[in-house]
Amino acid sequence: MPEAEPLPPDAASHGGELVARRREKSAALAAAGIAPFGGRFSVDGSVADVRAAFAEGKTLRAAGRITAHRDMGKSHFLDLSDATGRIQVYVNAKGFDLEQMAAFGLLDLGDFLGVEGEGFVTRTGEWTIRAAKFTPLAKALRPLPEKWHGLADVEQRYRQRYLDLVSNEESRRVLLARPRIVRAIREFLEARGFVEVETPILQAVASGAAARPFTTHHNAYDSDLHLRIALELNLKRLLVGGIPKVFEMGRNFRNEGVSRRHNPEFTMLEAYWAYADFEMMADLVEEMICQLAMLVNGSLGIETRDAEGNVAKRLNLTRPWRRARYRDLIAAAAGDDWFTLDLAAQKERARALGVQISEAMEAHEVTQQLFEKLVEEKTLDPLYVTHLPKELVPLAKQNVEDPSLVDVYELIINGQEISPGYSELNDPDVQRARLLEQSGGETMALDEDFLLALEHGMPPAGGIGVGIDRLVMLLAGAESIRDVILFPHMKPKA
RNA sequence: GGGCUGGUAGCUCAACGGUAGAGCAGGAGACUUUUAAUCUCUUGGUUCUGGGUUCGAAUCCCAGCCGGCCCA
């Protein structure tokens, strides 16, 4: 590349020398009559499309970022990349005049470039476009992360996701798995007659789950509103309205902590199927997730990896998935006599088993804590936990034989709750009573308008929820929810 | 909220009380099929911020800011 003028001293002192040089090259391109930030450029599709169309002697048009430059003097090799792949471009000085080669010298790694030329195969077997023309398309005024190690700084990967996408293949793989999964879910449900709907995010009462909502204000009606925390109640209103199979996939918001498994906004699938029950819903989810696993991994085996990238666990999604009652799982973990013990004895037993128990906990909370630590966290392959205590699930129908239980499942895979499914409670009076009898730290808000809808008659139905972020984590092998969200919530920098 | 841990050149990382370095990127040069190209030379730093200890601080201490992991 060409001789550079000495930079003004202040440019270098800010650590801005790299930017200053690129700005100079951008200006030099403009001075030579070449727009450094170009416009329309006709291409044979994405880089992957160009590779698919590749043939020796065929004229190809491609565009992308310059991600490598191997300078041989009169011969240059460039890598042109986008998120779909990489293709090599060969530029031979013999094919261009001096002005053109001067312009070529003003290009930098990271710039967008369009090329046209014939395909050929180098003697090392690399598919290559022999550039007959090249067109600068956009100047990168700042350098990209290092070519070999990519961008490793976790914070910067999340705050400047575009740099992560440009430089980290693994991030592209995980983040692009998500839209494929979302699309496949829609296709799966639509093929079974489910209708997709969109319901309001701004709600007067945020209910359907026990969680703190975000609050905002609507000026026109001078009323406080909440961002939804669940989709459930509106979809049930649609069951009342006569739509027998309905689903929504959309964003929920919970004003709670941020962690490896929690983002304040997250995507939920909920589906409701009139005249079905929780077991039919379990079958549906089982089939759907297996299809998704085949789509993403081509297999029902899943390998989870630790921070070093080594295989940590192997999961097997082969059907049929195990189904077991909550009480039986507790008894197996804590002793057959568990449910005959009084509260004090249960607390003592739980602590002896290494489960942290606080004095304030009620009986079902002690049992639930024990369940989470000794069953849920230790479960790898899919497990449908069924027939939970009714206190845990106020929107589900009670079991006919044992009204202390509800007809529900909780799907657990790899120690995480992936999906709940219910036989939905459709008796308005029972529903009111169940919402009023909630106890413990977090309770669900009472939505009178929802109860009014139930009084008009809701068909018996099965319902499911699927946390899409966690499902994608599972299927794509991501360790953190932030790895499956393009722009995860971060604390603003001061 | 608590515990542990991290922040050094554009990027990836060293230096762990005694002159802040390397690789890549950048700059100059050589090279007409390279591919982490190679070879010679070379520029580049408010060591996150603010205090403190010390003859001397990237390093030790305190506070803060922003992350990561674990716990609640």
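Worth knowing before you read on, the calculation uses all heavy atoms, side chains too, and leaves out hydrogens, waters and symmetry mates. Chain naming here is simple, since letters A, B, ... match the order of the sequence lines and numbering starts at 1 in each.
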Next on the checklist: Do the side chains of Asp44(A) and Arg61(A) get close enough for a salt bridge, i.e. N-O under 4.0 angstrom?
Outcome noted: no
- Task: Indicate whether the side chain of Gln160(A) and that of Tyr162(A) have a donor and an acceptor atom separated by less than 3.5 Å.
- Result: yes
Nucleotides 32-34 of chain B: which of its N/O atoms have a protein N/O under 3.5 Å away?
from    : atom 1 : to        : atom 2 : distance (Å)
rU32(B) : O4'    : Ser75(A)  : OG     : 3.3
rU32(B) : O2     : Asn92(A)  : ND2    : 2.9
rU33(B) : O2'    : Arg123(A) : NE     : 2.4
rU33(B) : O2'    : Arg123(A) : NH1    : 3.3
rU33(B) : O2'    : Arg123(A) : NH2    : 3.1
rU33(B) : O2     : Arg123(A) : N      : 3.3
rU34(B) : OP1    : Arg123(A) : NH2    : 3.0
rU34(B) : O2     : Arg70(A)  : NE     : 2.6
rU34(B) : O2     : Gln88(A)  : OE1    : 3.3
rU34(B) : N3     : Gln88(A)  : OE1    : 2.8
rU34(B) : N3     : Gln88(A)  : NE2    : 2.9
rU34(B) : O4     : Gln88(A)  : NE2    : 2.6
rU34(B) : O4     : Thr122(A) : OG1    : 2.9

On the ring face of Phe120(A), is Arg130(A) found with NZ or CZ under 6.0 Å from the centre and within 45° of the axis?
yes
The residue, Trp148(A) or Asp153(A), whose nearest nucleotide of RNA chain B is more 5′ is Asp153(A)
Of the candidates rU12(B), rC69(B), rG27(B), the side chain of Arg21(A) sits closest to rG27(B)
To the nearest angstrom, the CD-P distance between Glu479(A) and rC69(B) comes to 9 Å
- Item | Separation between the C1' atoms of rC24(B) and rA57(B), rounded to whole Å | 30 Å
With the criterion being N/O to N/O and under 3.5 Å, what pairs connect the protein with nucleotides 70-72 of chain B, and how long is each?
from    : atom 1 : to        : atom 2 : distance (Å)
rC70(B) : OP1    : Arg260(A) : NE     : 3.2
rC70(B) : OP2    : Arg260(A) : NE     : 3.1

So salt bridge (charged side-chain N to carboxylate O under 4.0 Å, His left out) across residues 249-267 of chain A, not counting sequence neighbours, yields Arg251(A)-Glu265(A)
Atom CG of Asn168(A) and atom C1' of rA36(B) are separated, to the nearest Å, by 15 Å
Determine, using ring centers only, whether Phe41(A) and Phe112(A) are less than 6.0 Å apart.
no
* Asked: Would you say a side-chain N or O of Arg159(A) is under 4.0 Å from OP1 or OP2 of rG67(B)?
  -> yes
Paired to rU47(B) by Watson-Crick or G-U wobble criteria (both distances under 3.5 Å) is none
